[in-house]
Amino acid sequence: MKWTSALAIYVLFWAFSVFLVLPFGVRTTEEAGGERVPGQADSAPHDFRVGRIALRVTIVATILFALFQLNYHYGWITPISADYLGLANMAVR
């Protein structure tokens, strides 16, 4: 695999990992015991730390990408092994 392809796949893993990481460890202003700003959404985080979130996302994305690369190299899960409907055995007519 070319390094540019690997980089593109890592960026996709990173973007996907944002949605995995964001819900964890978030406390609303009400849960933190703070004062809400007028117009603030009830679900808005009290203290949003971009650096901490980016670090967590990077760690998760790196682990997932490493598993992807290992699977790419060793072939643990192939398209044939993931074919639960048996479509690979059907002849094209």
Side-chain angles (χ1 to χ4, degrees):
M1 178 183 307
K2 292 183 179 180
W3 71 270
T4 52
S5 299
L7 178 64
I9 292 170
Y10 179 78
V11 169
L12 289 174
F13 272 108
W14 199 92
F16 176 69
S17 297
V18 169
F19 297 104
L20 291 174
V21 170
L22 273 179
F24 296 102
V26 176
R27 292 181 9 185
T28 63
T29 304
E30 185 177 309
E31 292 171 342
E35 293 286 327
R36 285 189 46 213
V37 177
Q40 178 181 355
D42 294 335
S43 59
H46 176 67
D47 186 24
F48 185 72
R49 297 183 180 180
V50 177
R52 181 180 288 177
I53 296 294
L55 178 65
R56 289 178 183 173
V57 168
T58 302
I59 291 169
V60 170
T62 303
I63 291 169
L64 291 175
F65 181 72
L67 289 172
F68 172 80
Q69 283 288 59
L70 289 170
N71 183 58
Y72 180 80
H73 181 71
Y74 293 110
W76 297 324
I77 301 172
T78 63
I80 300 297
S81 68
D83 182 24
Y84 297 113
L85 300 176
L87 299 176
N89 295 330
M90 295 178 64
V92 177
R93 297 177 191 213

For the CG atom of Leu20 and the CZ atom of Phe13, what is their distance to the nearest 0.5 Å? 10.5 Å
Would you check if the side chain of Ser81 reaches a backbone N or O of Thr78 as a donor-acceptor pair within less than 3.5 Å? yes
Run the salt-bridge test on Arg27 and Asp47 with the 4.0 Å N-O cut-off and return the result as yes or no. no
Give a yes or no on whether Glu31 atom CD has more than 12 heavy-atom contacts from other residues, nucleotides or ligands under 6.0 Å away. yes
Of Thr29, Asp42, Thr28, which is the lone residue that meets side chain to side chain donor-acceptor pair (under 3.5 Å) with Arg36? Asp42
Where Phe24 and Arg56 come nearest, the two heavy atoms and their spacing: O-NH1, 3.6 Å
For Trp76, does the CH2 atom have more than 12 heavy-atom neighbours from other residues, nucleotides or ligands under 6.0 Å away? yes
Transitively linked via ILVMFWY side-chain contacts under 4.5 Å: Ile9 with Tyr72? yes
Kindly assign one of parallel, tilted or perpendicular to the pair Tyr10 and Phe65, based on the angle between their ring planes and the thresholds 30° and 60°. perpendicular
So which atom in Asn71 and which in Ile77 form the shortest heavy-atom distance, rounded to 0.1 Å? OD1-N, 2.7 Å
Taking the side chain as everything from C-beta on, heavy atoms only, tell me whether Phe48 gets closer than 4.5 Å to Leu22. yes
Count I, L, V, M, F, W, Y as connected when their side-chain heavy atoms are under 4.5 Å apart, and connections chain through other members. Are Val18 and Phe68 then in the same cluster? yes
When rounded to the nearest 0.5 angstrom, what distance separates NE2 in His46 from CD in Gln40? 9.0 Å
Count I, L, V, M, F, W, Y as connected when their side-chain heavy atoms are under 4.5 Å apart, and connections chain through other members. Are Val50 and Trp14 then in the same cluster? yes
Can Ile63 be reached from Leu55 by stepping across I, L, V, M, F, W or Y side chains whose heavy atoms are under 4.5 Å apart? yes
Other residues, nucleotides, ligands: >12 heavy atoms within 6.0 Å of Gln69 CD: yes
